[in-house]
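The structure presented is a predicted model; accordingly, all values stated were derived computationally and were not measured.
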Amino acid sequence: MNAKRKAFAALVLNILLLVLEIKGSVMSVQETGWGILLYFTDYSNNLSLIASAFMVIYLTCYLKKGIGIPMWLKLMKYMAACSLTITLMVVVFILAPSIGRGGLKWSMLYGDMLYHHFLCPVLAIVLFVFFEHEPRLEKKHTFYGLIPVSIYAAVFIVLNLLRIVEGPYPFLKYYQQPIYMSIFYTIVIPGGAYLIALGLRKLNTVLE
């Protein structure tokens, strides 16, 4: 696929992602109200919404005038893809199993979760891995993929330890779980986030 065709495909898919993100965000506000301020899912999807909106503008400029994608936007798309991948992994491997039988179906196919837990993360990953290759990411950029989840974790760990909020995720409920589970999550989640950031960067580079 030549550069122009790839850019056009990326434009179409980013428009689709933008529409899905808006739909999911509207439903999320309707269903949870101010609760959207608690969940990393909402932050990651809103970051994706903003990044996709900018990408639609810049891809249109590229197709019409040959203006390239700036590095700040590529990094924003990278952070959004990493955040949405973390969201997807947490849903599949932590939240859904904690619900029990039917948990995966419920947490990925109903309400705003269809958009924020499934459709938007999958589309964002496909876009980033197969279509959004320019400008090229370097090894030094890997840690940018950890910025959103690091900020969220720092804020909500403190809020939970001070008992200002509870959760909202099971692994943040320090006063309701054994210490060894808190230690386990403290090691596994940051490590997993780094592997996701590293893997997405490598795939984005290798598959260009």
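Between Ser182 and Gln177 there is a side-chain heavy-atom pair separated by less than 4.5 Å. Counting heavy atoms from C-beta outward, Leu84 and Glu21 have side chains that approach closer than 4.5 Å. Side chains of Leu172 and Tyr152 form a contact here, defined as non-hydrogen atoms less than 4.5 Å apart. In this structure, Leu11 and Tyr62 have side chains that are not in contact, with every pair of non-hydrogen atoms separated by 4.5 Å or more. Counting heavy atoms from C-beta outward, Asn160 and Tyr175 have side chains that stay 4.5 Å or more apart. The closest side-chain heavy-atom distance from Leu198 to Arg201 is below 4.5 Å. The closest side-chain heavy-atom distance from Ile125 to Val129 is below 4.5 Å.
Expressed to the nearest 0.5 Å, how far CZ of Phe171 lies from OG of Ser98 amounts to 10.0 Å. If you take CE on Met181 and OG1 on Thr186, they are separated by 10.5 Å, rounding to the nearest 0.5 Å. Note that CG of Leu88 and CZ of Phe93 are 8.5 Å apart. Values are rounded to the nearest 0.5 Å. Expressed to the nearest 0.5 Å, how far OH of Tyr185 lies from CD1 of Ile157 amounts to 13.5 Å. Rounding to the nearest 0.5 angstrom, the gap separating the CG atom in Asn2 from the NZ atom in Lys6 is 9.5 Å. In this structure, the separation between CG on Leu123 and CG on Leu18 is 11.0 Å, given to the nearest 0.5 Å.
Heavy atoms of other residues, nucleotides or ligands lying less than 6.0 angstrom from CZ of Phe8 number 12 at most. Residue-environment remark: OH (Tyr174) exceeds the threshold of 12 foreign heavy atoms within 6.0 Å. For Lys4, the NZ atom is densely surrounded, since the number of other residues' heavy atoms within 6.0 Å is greater than 12.
Contact detail for Phe131 and Val126: the closest heavy-atom pair is CD1-O, 3.9 Å. Nearest heavy-atom pair, Ser48 versus Leu17, reported as atom, atom and distance to 0.1 Å: OG-CD2, 3.7 Å. Of all heavy-atom pairs between Thr205 and Leu137, the closest is OG1-O, 3.9 Å.
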Q: Start with the C-alpha distance between Leu127 and Met55, add both sets of side-chain angles, then the distance that settles side chain to side chain contact (heavy atoms under 4.5 Å, CB included), and finish with yes or no.
A: CA-CA 11 Å; Leu127 257 170; Met55 187 61 83; over 6 Å; no
Side chains of residues 33-43: which donor-acceptor pairs under 3.5 Å do they make with residues two or more places apart or in other chains?
{"from": "Thr41", "atom 1": "OG1", "to": "Tyr169", "atom 2": "OH", "distance (Å)": "3.3"}
{"from": "Asp42", "atom 1": "OD1", "to": "Ser28", "atom 2": "OG", "distance (Å)": "2.7"}
{"from": "Tyr43", "atom 1": "OH", "to": "Leu37", "atom 2": "O", "distance (Å)": "2.7"}

Could you pull out all donor-acceptor pairs under 3.5 Å where a side-chain atom in residues 109-121 meets a protein atom, sequence neighbours excluded?
{"from": "His116", "atom 1": "NE2", "to": "Ser25", "atom 2": "N", "distance (Å)": "3.4"}
{"from": "His117", "atom 1": "ND1", "to": "Ser107", "atom 2": "O", "distance (Å)": "2.6"}

Identify every side-chain donor-acceptor pair in residues 66-83 under 3.5 Å, counting partners at least two apart or on other chains, and give the distances.
{"from": "Lys74", "atom 1": "NZ", "to": "Glu132", "atom 2": "O", "distance (Å)": "3.3"}
{"from": "Lys74", "atom 1": "NZ", "to": "His133", "atom 2": "O", "distance (Å)": "3.0"}
{"from": "Lys74", "atom 1": "NZ", "to": "Pro135", "atom 2": "O", "distance (Å)": "2.7"}
{"from": "Lys74", "atom 1": "NZ", "to": "Asn204", "atom 2": "OD1", "distance (Å)": "3.1"}
{"from": "Lys77", "atom 1": "NZ", "to": "Asn14", "atom 2": "OD1", "distance (Å)": "2.8"}
{"from": "Lys77", "atom 1": "NZ", "to": "Ser52", "atom 2": "OG", "distance (Å)": "3.4"}
{"from": "Lys77", "atom 1": "NZ", "to": "Glu132", "atom 2": "OE2", "distance (Å)": "3.1"}
{"from": "Tyr78", "atom 1": "OH", "to": "Thr142", "atom 2": "O", "distance (Å)": "3.4"}
{"from": "Tyr78", "atom 1": "OH", "to": "Ala197", "atom 2": "O", "distance (Å)": "2.6"}
{"from": "Ser83", "atom 1": "OG", "to": "Met79", "atom 2": "O", "distance (Å)": "2.8"}

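Among residues two or more places apart in sequence or in another chain, the ring pair (Phe, Tyr, Trp, His ring centres under 6.0 Å) test is passed with Phe184 by none. Taking the side-chain contact (heavy atoms from CB on, under 4.5 Å) definition, one finds that Glu166 meets it with Lys173, Gln176, sequence neighbours left out.
Neither Leu146 nor Leu203 shares a network with the other; the hydrophobic side chains, linked directly or stepwise wherever heavy atoms of I, L, V, M, F, W or Y lie under 4.5 Å apart, form separate groups for each. Hydrophobic clustering, with ILVMFWY side chains joined whenever heavy atoms are under 4.5 angstrom apart, groups Val188 together with Leu95.
Side-chain heavy-atom separations under 4.5 angstrom define the hydrophobic clusters, and the remaining members of the one that includes Ile179 are Ile183, Ile187.
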